[in-house]
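Comments concern the structure below.
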Amino acid sequence: MTLTVYNTLTRSKSTFQTIEENKVRMYCCGITVYDYCHLGHARTCLVWDVVRRYLEWSGYEVNYIQNFTDIDDKILNRASQEGTSMEVVSKKYIEAYFEDMERLGVGKANAYPRATHTLDGIKRLVYELEQKGFAYPAEGDVYYSVQKFPEYGKLSGRKLEDMQAGASGRVEAEDPEASKKQYPFDFALWKAAKEGEPAWESPWGNGRPGWHIECSAMVRERLGETIDIHVGGGDLTFPHHENEIAQSEAVTGQPLANYWLHNGMIIVEGKKMSKSLGNFTTIRELLDKYDPMAVRLFILQAQYRKPVDFNQQALAGATNAWETLKEGLLFGYQYGKKLGFATSLDASLYDKELIGRFKDAVDDDFNFAGGLAILFEIAKNLEKEGNIIVHEGENKTSKEELEQQWQTLIHLATILGFKANSEENNNHPNGLSDADINALVQQRLDARKNKDYAQGDRIRDELQGQGITLIDKPGGVTIWNRG
RNA sequence: GGCGACAUAGCCAAGUGGUAAGGCCGUGGAUUGCAAAUCCAUUAUCCCCCAGUUCGAAUCUGGGUGUCGCCUCCA
């Protein structure tokens, strides 16, 4: 099967074909850096990170660019609230962004261009749009004339007449720039400087870029006139991406992107998680409570385009599911030596049938949930076989097959960004020594022989509190393992 | 008001014409002094409703109902 993707532009799935053979130019609309990231941002970053990994695994060389929008009203507001500058605010939240993504295990993009570093490209685009008659100046601002671009609305599937019929009252009443616009849905490419705000020189006077234009400029500068994949949150489809298309395509006459992919929103109690509703959980709050890998699993279990409901129950479920997957991933590190196989990865050992099934699932519009079923199938078996080893039973799967399954599981998990810490389980710096534990276990056995179950249970609870699980086997034998 | 998406067990969720993946939770049994851990087994006669197409539909068509998103900043 070949990779098929759902394209917002055509509202249908189609076979994925790149412009240049085996190369993908991919752009993700990143964040505006005025606050800590929340779970919604995590979903976007996680999903497109895994898509990137999957494309690379599929044999493409991916040039993945994600921007930071670091000029914006919200950043300026935050700066004045905190009595500081735009630069200080954006620096703080860019650093926070990288910390959060590191914890989530999101890979680095190839570059993170910033609006403030792209002023020449932005001004050049605005100038060209003006020259070609798509833009007009008004009192130091410059606006894009949407009526000049016949295809305006093609991405989000709307018509100017319909928009006007629906929203005209509100638009005119609430838009302070309305009086400068020739048409209500025209949008600002360049905004005249306001007192005390950062500003750059331009042919239209001192000012700063509008929202949208920076992405058109950064795509052009970093990836060229037409790219393969443009991604972002579904809420950016309109107006942000629609406006990017209008800006870029009016200038170049070429499609901005061949494939437009959008991820679904995070829902909380039936409502979208968003800043304006205040119903968001920041990534750092979230990671204080949940394992980053459980969060990743929670996100990847849902089809990327569908809304996902965030609630305690779902996260708890994902946490338990991750425990299962982790058991499978740790199998080789825990029992490989005992079984006589190496823990270094060896592609020749991968199970082609399992990998083929994984690929068939995921090739269908990045159906990660379908792919995960394969991982669980393997992990469940390895977990079971690992337990048999701990309980000193007979393995049902041959050593060769176990090694093959484990190698395959690690390989597939890596594509999806799952990683279990193999150190974790061997580290018990402040814990009891093996001798201490054995002594306590013997004490408990003695107590039980004397029917002093209270004492026996006390020792058991004490050890459990240290993460040591006792297993009473038939015949009065007790073995133990570190949780 | 306009545009769009979705509706599968207690929860999450895959499946897009051939008779319901997977995960979580739960249940029964084995084991145990009781537990824990583990093992074995088990959990939708049916896919929001109605009508139609078809030998056959969760899957296609038409009509409802419901939920959500975008139309203003938003991942």
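Heavy-atom basis, side chains included; hydrogens, waters and symmetry copies ignored.
- Regarding A:Asn263, its CG atom lies at a distance of 16 Å from the C1' atom of B:rC6, rounded to whole Å.
- Judged by the 6.0 Å and 45° rule, A:Arg222 forms no cation-pi pair with A:Tyr27.
- A:Asp472 contributes no side-chain N or O that forms a donor-acceptor pair with the base of B:rA36 under 3.5 Å.
- As a whole-Å value, the separation of A:Glu269 CD from B:rU67 C1' is 15 Å.
- Base engagement by A:Leu470 is indicated by at least one non-hydrogen atom pair under 4.0 Å involving a base atom.
- Counting non-hydrogen atoms under 4.0 angstrom, A:Thr237 reaches nothing in the nucleic acid.
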Give the intermediate values and the outcome of ring pair (Phe, Tyr, Trp, His ring centres under 6.0 Å) for residues A:Phe187 and A:His212.
CA-CA 9 Å; A:Phe187 58 91; A:His212 317 305; 5.4 Å; yes
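- Using P as the reference atom, B:rA36 and B:rG26 are 11 Å apart when rounded to the nearest Å.
- Spacing of P atoms, B:rA9 relative to B:rA44, comes out at 12 Å, to the nearest Å.
- Taking the centre of each ring, A:Tyr97 and A:Tyr36 stay at or above the 6.0 Å mark.
- The distance between the ring centers of A:Trp406 and A:Tyr333 falls below 6.0 angstrom.
- Ring centers of A:Tyr304 and A:Phe368: at least 6.0 Å apart, outside the cut-off.
- At least one side-chain nitrogen or oxygen of A:Lys272 sits closer than 4.0 Å to the OP1 or OP2 atom of B:rC70.
- Remark: P of B:rA36 and CG of A:Asn387 are 15 Å apart, rounded to the nearest angstrom.
- Between the base of B:rG33 and the side chain of A:Arg448 there is a donor-acceptor pair shorter than 3.5 Å.
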For A:Arg284 and A:Thr282: C-alpha separation, side-chain torsions, deciding distance, then whether side-chain hydrogen bond (donor to acceptor under 3.5 Å, both in side chains) applies.
CA-CA 5 Å; A:Arg284 27 197 70 195; A:Thr282 63; 6.0 Å; no
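- Note on A:Lys473: nothing from the nucleic acid sits closer than 4.0 angstrom, heavy atoms only.
- For B:rC3, the paired base is B:rG69 (Watson-Crick or G-U wobble, both distances below 3.5 Å).
- Using atom P as the reference point in both B:rU32 and B:rU42, the two lie 24 Å apart (nearest Å).
- A:Asp457 contributes a side-chain N or O that forms a donor-acceptor pair with the base of B:rG33 under 3.5 Å.
- Using a cut-off of 4.0 Å between Lys/Arg side-chain N and Asp/Glu carboxylate O, A:Arg305 and A:Asp365 are scored as salt-bridged.
- For A:Arg460 and B:rA35, a side-chain-to-base donor-acceptor distance below 3.5 Å is present, hydrogens and geometry of angles not being considered.
- Checked against a 6.0 Å centroid threshold, the rings of A:Tyr34 and A:Tyr93 do not count as neighbours.
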In B/S/- notation (B base, S sugar-phosphate only, - none; protein heavy atoms under 4.0 Å), nucleotides 12-24 of chain B written 5' to 3' is -SSS-----BSSS
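- Nearest heavy atoms, A:Trp260 versus A:Ile245: CZ2-CG1, 3.4 Å.
- Counting all heavy atoms, side chain and backbone alike, A:Met293 lies closest to A:Lys419 at SD-N, 3.6 Å.
- Remark: the separation of the P atoms in B:rU43 and B:rG22 is 11 Å, to the nearest Å.
- Contact annotation for A:Arg458: no contact, since no heavy-atom pair falls under 4.0 Å across all strands.
- Whole-Å rounding puts the A:Asn395 CG to B:rC39 C1' distance at 13 Å.
- A distance of about 14 Å separates the C1' atoms of B:rU16 and B:rU61, rounded to the whole Å.
- B:rU43: no Watson-Crick or G-U partner with both key distances under 3.5 Å is found in any strand.
- Taking the C1' atoms as reference points, B:rC40 lies 32 Å from B:rA58, given to the whole Å.
- Residue A:Arg11 is the one, among A:Gly234 and A:Arg11, whose nearest nucleotide of RNA chain B lies closer to the 5' end (criterion: closest heavy atom).
- Across all strands shown, A:Gly153 has no heavy atoms under 4.0 Å from either base or sugar-phosphate atoms.
- Checked against the 6.0 Å centroid criterion, the rings of A:Phe298 and A:Trp322 do not qualify as a close aromatic pair.
- As a whole-Å value, the separation of A:Asp365 CG from B:rC6 P is 11 Å.
- A cation-pi arrangement is present between A:Lys275 and A:Phe280 under the rule of less than 6.0 angstrom and at most 45 degrees off the ring axis.
- Nearest nucleotide to the A:Gln464 side chain, out of B:rC39, B:rC68, B:rA36: B:rA36.
- Residue A:Gly270 is classed as a sugar-phosphate contact, given heavy-atom separations below 4.0 Å to backbone atoms only.
- If you measure from atom CG of A:Leu445 to atom P of B:rG33, you get 12 Å, rounded to the nearest angstrom.
- Pairing for B:rC24 goes to B:rG10, judged as Watson-Crick or G-U wobble with the two contacts each under 3.5 Å.
- At a threshold of 4.0 angstrom between heavy atoms, the contacts of A:Phe238 are confined to the sugar-phosphate backbone, with no base atom among them.
- When both pairing distances are held under 3.5 Å, B:rU16 makes no Watson-Crick or G-U pair with any nucleotide shown.
- The NE2 atom of A:His262 sits 20 Å away from the P atom of B:rC3 (whole-angstrom rounding).
- What separates CD1 of A:Ile468 from P of B:rA35 is a distance of 23 Å, to the nearest Å.
- At a threshold of 4.0 angstrom between heavy atoms, the contacts of A:Lys396 are confined to the sugar-phosphate backbone, with no base atom among them.
- Comparing the same atom, C1', in B:rC39 and in B:rC60 gives a spacing of 46 Å after rounding to whole Å.
- One finds the CD atom of A:Glu214 at 8.5 Å from the CD atom of A:Gln247 (value rounded to the nearest 0.5 Å).
- Comparing B:rG64 with B:rA7, their C1' atoms are spaced 14 Å from each other, to the whole Å.
- Within 4.0 Å (heavy atoms only), A:Lys74 reaches sugar-phosphate atoms of the nucleic acid but no base atom.
- Across all strands shown, B:rA37 forms no Watson-Crick or G-U wobble pair with both distances under 3.5 Å.
- When each of A:His212 and A:Lys271 is assigned the nucleotide of RNA chain B with its nearest heavy atom, A:Lys271 is the one assigned upstream, toward the 5' end.
- Within residues 38-49 of chain A, the residues approaching RNA chain B are A:His38, A:Gly40, A:His41, A:Thr44, by heavy-atom distance under 4.0 Å.
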